[in-house]
Amino acid sequence: MTDFLQRFGRSWLSMVERLGRATLFLLHILGALFSLVKRPSLLVRQLHSTGVMTLSIVLVSGLFVGMVLALQAYNTLIDFGQENRVGTLVALTLVRELGPVVTGLLFAGRAGSALTAEIGLMKATEQLSGLEMMAVDPYKRVFAPRFLAAFLALPMLAAMFSAVGVMGGHLVGVEVLGVDAAAYWSQMQNATSFTSDVCNGLIKGLVFGFVVAWIAIFEGADCIPTSEGVSSATTRTVVYSSLAILGLDFLLTAVMF
Amino acid sequence: MNSRAIEVLVGLFMLLFLGAMFVLAMKVSNLTSFTSTSGYTLVAKFENVGGLKPRAPVAASGVKVGEVSDITYDPETFEASVTLTIDNRFSDAFPLDTTASIYTAGLLGEQYIGLDPGAEEDMLQDSDEISLTQSAIVLERLIGQVLFSRSGGS
Amino acid sequence: MSEDGSTLVRIRDLHFFRGSKHIFRGLNLDIPRGKVTTILGPSGTGKTTLLKMIGGQLKASQGGITVDGLDVGKLKRSALYELRKRLGMLFQSGALLTDLSVFDNVAYPLREHTDLPESLISHLVLMRLHAVGLRGARDLAPAELSGGMARRAALARALVFDPMMIMYDEPFTGQDPISMGVLLELIQTVNGALGLTSLIVSHDLKESLSISDYAVIISEGVVVEAGSPDQLENSDSPWVQQFLHGMPDGPVPFQAPAPDYQTDLFGQQSQVAGQPVAGAAR
């Protein structure tokens, strides 16, 4: 029993220690962000490898999610004779919830894990040490551009996800199931507000982007520099990011809507 | 990949994002239809606004002409004071004796304000008050009245 | 051994802990300027750690390291970065940036730290690449290089800023005889031609001793023996003899510390029989 308590206490302590390290790491990155003003090309390169590379999976998923939402909404709403509201349901669900959340989960799996693996391998192959010995600050040259790119890319991808999803809803709701096109769009417009729905969705995206970027880069920089260490760090990134996104989504929804 | 190709791709990415924001702003949400600054306001007092909420549409003959920008309680008249923002396109479109009524879209739909124009020559101007109003029909009260008249009649 | 001008790196009473492991226990070491010095020692004695401490990546728990008169542990960040520009380090894997070509890797420190025009950078880089024999490989990606070529490219990168000292971390590990010969030749010529100080960490004894002016053997966190390669060879310490000649048993036992063999076996047998012997474990 004491053995169990000891082990429990030790693992708890090491968790707190990791959290502390992660926080200091984050502050260090935030401090290094200003250096990007002088080297915007670093940010562009990272926007490519986080944003552009995740684009296709986000667009395809967005389309299908929008289509499924329209189908399900139609099947339920037809019973109440409210099938004109398919647009409302699709738009609100996407803009408020599924856009940021699903994009966040996809992003964690695609870009987050790639970030962790990349940084972990840079650590394992001594590239980070090498940079330091060349008097180059890895926080400024490696971590900060990746952090900012991931932070910005996620809300942008979420907006694209929602926009494509609404199109997918239109495709199924209007073209296939025969909801009136004017009703689809006008009901949607009446119910969706730019400031409180679209902007709040964007804010969610920013929060998720911040968290995923933080987790992914920290796990990479903190991993054990072996192939095993990198692979388990990559797994942790996906698991922790997904949990953080879902948990934060609940909190943000409770505060916002 | 060379940096030029990357820049082009990131540029396309940004364009796609702007396009998505455009769709979300113009087609999905009602950002363009009205903003409270681009219209003139009218005030209408109602005995009871029922479930009317800010941002509810204001329609004339079924066409959306504005929205409810504010609902407060007026302690002097003991009535609800509703501020309507009407789009500038519809300035000088409503005679002084216009009636403002609270309707419900469908049986379960949201409540909105309908404007029924009167016959006066003069038109309502900015911050004028609509004097002719018809309150919301409150379902519970309606049922109560029916029950009361039934029991009173028997 | 330590006249002031002739010593580049001075290590005094160095202590360092990794976790609860006491890695350096009062290490004293002087590295002479302009010479090739080799640090030898069994695996796990913290040779690479020592290089990282000289470069200021790790801080000593106690004691200090001065490089060219500067106390590395007490330097401010910017001063430390200035010092690092004058130190080159060659990592075991080369540590080339994987997303840049060989040319860009060598040009990287120049582009980071200077505003030199691209034509001048190109000149400087090609000169260094020529010196290590990789001028023809400038457009290759690091992944396309062999291990020896990667180390040579990394050497070109370390040289591009004309450092006063280059530290080599296990430069000969896993090299075939030809690239080993190339590296040995390079280290020697670079040290002579550019008048810099070389510090090699290695356990490839013969090769590193053949080009060294001075050698130090570290074990258990202290310097065991120091001197010229000849002096080491004639050392009368049995430990040094075992290390230099790679004898399997000696002062460093073949067996990891363990309970007595007989008791270990016997103890296990009796436990299987369900009668744990109290005195079985030491």
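None of the values given here were measured: they were computed from a predicted structure. Residue numbers start from 1 in every chain, and the chains themselves are labelled A, B, ... in the order their sequence lines are given, proteins ahead of strands.
With ring centers used as reference points, C/His15 lies 6.0 Å or more from C/Phe24. In this structure, the ring of A/Phe147 has its center less than 6.0 angstrom from the ring center of A/Phe210.
Contact count against chain A (heavy-atom pairs under 4.5 Å) is highest for C/Gln92 among C/Gln92, C/Lys52, C/Glu82. Ranked by heavy-atom pairs under 4.5 Å with chain A, the first of C/Gln57, C/Met167, C/His113, C/Met89 is C/Gln57. Chain A forms more heavy-atom pairs under 4.5 Å with one residue of C/Thr98, C/Leu80, C/Leu87 than with any other, namely C/Thr98. Interface summary for chain C: among A/Met133, A/Met122, A/Arg39, the most heavy-atom pairs under 4.5 angstrom belong to A/Met133.
Within 6.0 Å of CD1 on A/Ile224 lie no more than 12 heavy atoms contributed by other residues, nucleotides or ligands.
With a threshold of 4.5 angstrom between heavy atoms, C/Tyr108 approaches chain A through side-chain atoms but not through N, CA, C or O. Heavy atoms of A/Leu128 lying under 4.5 Å from chain C are absent altogether. In this structure, chain A has no heavy atom under 4.5 Å from any part of C/Leu83.
For the pair C/Thr7 (side chain) and C/Arg10 (backbone), a donor-acceptor distance under 3.5 Å is absent. With hydrogens and angles ignored, the 3.5 Å screen pairs a side-chain donor or acceptor of C/Arg84 with a backbone N or O of A/Glu132.
Taking 4.5 Å as the limit, every side-chain heavy atom of A/Phe151 sits out of range of all side-chain heavy atoms of A/Trp214.
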